Number of protein chains: 2
Amino acid sequence: MRSAVTLADIASHAGVSKMTVSKVVNKQPGISEATRQRVLQAIEDLGYTANASARALAGGRTNTLGVVVPSIGPQYISEVVRGADLTAYDAGLDLLISTTQEDTIHERQNVGRLTRGLVDGLLMVLPRSLDRYAEALQQARVPVVVVASADSAVPFPLVDADHYHGARLAVSHLLELGHQRIGFIAGRRETSASLERLRGYREGLLTAGLPFDPGLVRPGEYTQPGGFAAARALLDLPQPPTAIFAANDLSAFGAMEAIKDRGLRVPDDLSVIGFDDIPHAGQVHPALTTIRQPLVEMGTAGTRMLLNLLHGGLPVTERLVLPTELVVRASTGPPPAT
Amino acid sequence: MRSAVTLADIASHAGVSKMTVSKVVNKQPGISEATRQRVLQAIEDLGYTANASARALAGGRTNTLGVVVPSIGPQYISEVVRGADLTAYDAGLDLLISTTQEDTIHERQNVGRLTRGLVDGLLMVLPRSLDRYAEALQQARVPVVVVASADSAVPFPLVDADHYHGARLAVSHLLELGHQRIGFIAGRRETSASLERLRGYREGLLTAGLPFDPGLVRPGEYTQPGGFAAARALLDLPQPPTAIFAANDLSAFGAMEAIKDRGLRVPDDLSVIGFDDIPHAGQVHPALTTIRQPLVEMGTAGTRMLLNLLHGGLPVTERLVLPTELVVRASTGPPPAT
DNA sequence: TTGAAAGCGCTAACAA
DNA sequence: TTGTTAGCGCTTTCAA
């Protein structure tokens, strides 16, 4: 760990002032080509990289965006982050990801620390509620955009997908195939997305003149085992459904397993439709019909809003609701002829 | 975005010097309780959070560790990062994650930037080769630890799992169940882990006096569709195997689907064993028998090595190879009676 | 127990 | 086209 090469080192090595080096490094105009080359050579010779902290302190900018996520495991989240990364990179900004591991203290500290000297803007990717961050975010001195949380109490620009219409699309698709008895595997109660999807399911049925039967709704907790158990329960019904709408892809996978496990076939005996369209959805067998949330786009859109805010644009509150769409693959078909 | 509250603001608000505030914030001794309370009150009143950049610049430390990953999607990676996060947090350090999106320029820049003023140490979680980072890492002025890459040319402390013995365990398990014809779904050729697993498979067979039949080895690329296709090919063999060993869990999932798709049952007709033990492995149906890589532990161990390095310990090169172990679940059983 | 001075490495604003 | 002067907000060192 030899001690770091600084601007001053480059300056004296190249026989110029620090300022000149700074201008070269930052690609500012007003430097003769000859000097520029000499400085670049010195940088090359000594192996110089600017110190990010010093830069941030002096310049007031970090050229970095922060992304706060509960954890980095779920494909859902990683897709959004990928979108954010692409956009930030295109704009010449770096992206730093911070996980909270769902720990409250961790959450508060993270936000405070990031927004004080580490990042120029913050993207909160939080399927759950924002309550726990409210205070920390109020004090944030950088722009904040919230992605994937329709928490209506939030005083920040927001990007979310249209969960309600997505659910309606799913139900319509199954109805059009001829299904009359459709089970629903619900998500997590505390997320607004989950409630919206349930509402879409319910109203989709009612609009079609079909009854809403609470017995056909089972909790799946957005997990694969949850979906497995829920589907089992639905199959055990005296009059089981001919199609299952799962509130997310993961629980749809579980449902498909439960169905196959009973010796039934998807979609011949039972149709399954999911929600999210995570990359896995196209890779299972049969490939999952699902409602696509534009996850990557949510990341890019949120980041673009953040960039606007950084450049002084946009009102403080804006809600961008991106459309969801039906992606028909192989897991849905007509109900079996009775 | 009102302008930030600084140490000086707190100092004047509390009627003390900046130094006193700094000591209170950093929990240093030598401050009377009365003063301490007054300062804390001022901090509370004004809502102060220290500026990370200023701190890093003045103190020479950031109290932050960096983690570089190719992308954050794979469960494999997120498990390692989770381990790192836990350990860093316990040590009172923060963790910042940076993705390279497999982009070479991005990779080089990231490392340089992080190690110059943003983090005190770097954990590289890279299943692929480190070649592309070699130069940037040479110039790193902070300790570096590499996780999940057995790239032997790397002059850094290293944490990896024992892929070879894991593969031996998998083969032994199948042999003990009575299988004689075992297919192998290979991983990605460019990773040393993949080669080690193949070697374990091969030598496991040879040691048992069984022939190594290249026709029983199919590429799976570590992906679910890859595993699906590979298993199909194996099933199409004139004399198909009675068990399949997949180089990772994802391709094992694909294999299970292919088998069920043929109307065969796992494990009654065919056994499947994976590698990694990602959280999903226990959630599919039947639950996957697999070789557990201690992913979280790899993250914690790597981070602990980094912490040691930070405190001036350890030699520059150390290789920690953590043991793998067999996790028997429901996807393996005796071969069908002929 | 408290505080003053100096400076970390850089950039903004201005001057030459 | 280049350089000088300040100072970002904090911690270190040393003195009171």
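Here is the naming used below: chain letters follow the sequence lines, and residue numbers restart at 1 for every chain. A quick note: this is a predicted structure, and the numbers were derived from the prediction, not measured.
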Separation of B:Lys23 NZ from B:Thr35 OG1 (nearest 0.5 Å):
11.0 Å
With sequence neighbours excluded, tell me which residues meet salt bridge (charged side-chain N to carboxylate O under 4.0 Å, His left out) with A:Asp9.
none
With sequence neighbours excluded, tell me which residues meet salt bridge (charged side-chain N to carboxylate O under 4.0 Å, His left out) with A:Arg82.
A:Glu79
In short, the helix from C:dT1-D:dA16 to C:dA16-D:dT1 is bent end to end, axes from five pairs each side, to 10°, by 30°
For chain A, the stretch of DNA chain D it reaches, first to last nucleotide, under 4.0 Å of its heavy atoms
D:dT1 to D:dG9
Supply the atom-to-atom distance B:Leu65 CG to B:Leu122 CG, rounded to the nearest 0.5 angstrom.
9.0 Å
By salt bridge (charged side-chain N to carboxylate O under 4.0 Å, His left out), A:Arg113 pairs with (sequence neighbours left out) B:Asp94
Is a side-chain donor-acceptor pair under 3.5 Å present for A:Ser17 with A:Thr20?
yes
Side chain to side chain donor-acceptor pair (under 3.5 Å) involving B:Thr99 - partner list, sequence neighbours excluded:
A:Asp85, B:Gln101
Look up atom CD in B:Gln41 and atom CD1 in B:Ile43, then write down how far apart they are to the nearest 0.5 Å.
10.0 Å
Interatomic distance, CG@A:Asp120 vs CZ@A:Arg141, rounded to 0.5 Å, equals 15.0 Å
Sorted by number, the residues of residues 53-63 of chain A with heavy-atom contact under 4.0 Å to DNA chain D:
A:Leu57, A:Ala58
Residues passing the salt bridge (charged side-chain N to carboxylate O under 4.0 Å, His left out) test with B:Arg61, sequence neighbours excluded, are none
Closer to the 5' end of DNA chain C via nearest nucleotide, is it A:Thr49 or B:Ser17?
B:Ser17
Between atom OG of A:Ser98 and atom CG of A:Asn110, what is the distance when rounded to the nearest 0.5 Å?
3.0 Å
Among residues at least two apart in sequence or on other chains, which ones pass side chain to side chain contact (heavy atoms under 4.5 Å, CB included) with B:Ala161?
B:His163, B:Gln293, B:Pro294, B:Met298, B:Thr324
Test: salt bridge (charged side-chain N to carboxylate O under 4.0 Å, His left out). Region: residues 36-51 of chain B. Which pairs qualify, not counting sequence neighbours?
B:Glu33-B:Arg36
Interface limits on DNA chain C, where chain B has a heavy atom under 4.0 Å of a nucleotide atom:
C:dT1 to C:dG9
Please list, by residue number, the residues of residues 20-38 of chain B whose heavy atoms come closer than 4.0 Å to an atom of DNA chain D; answer none if no residue qualifies.
B:Ser22, B:Asn26
B:Thr303 and B:Thr300: side chain donor to acceptor below 3.5 Å
no
Find the distance between CG (B:Asn63) and CZ (B:Arg55) and round it off to the nearest 0.5 Å.
7.0 Å
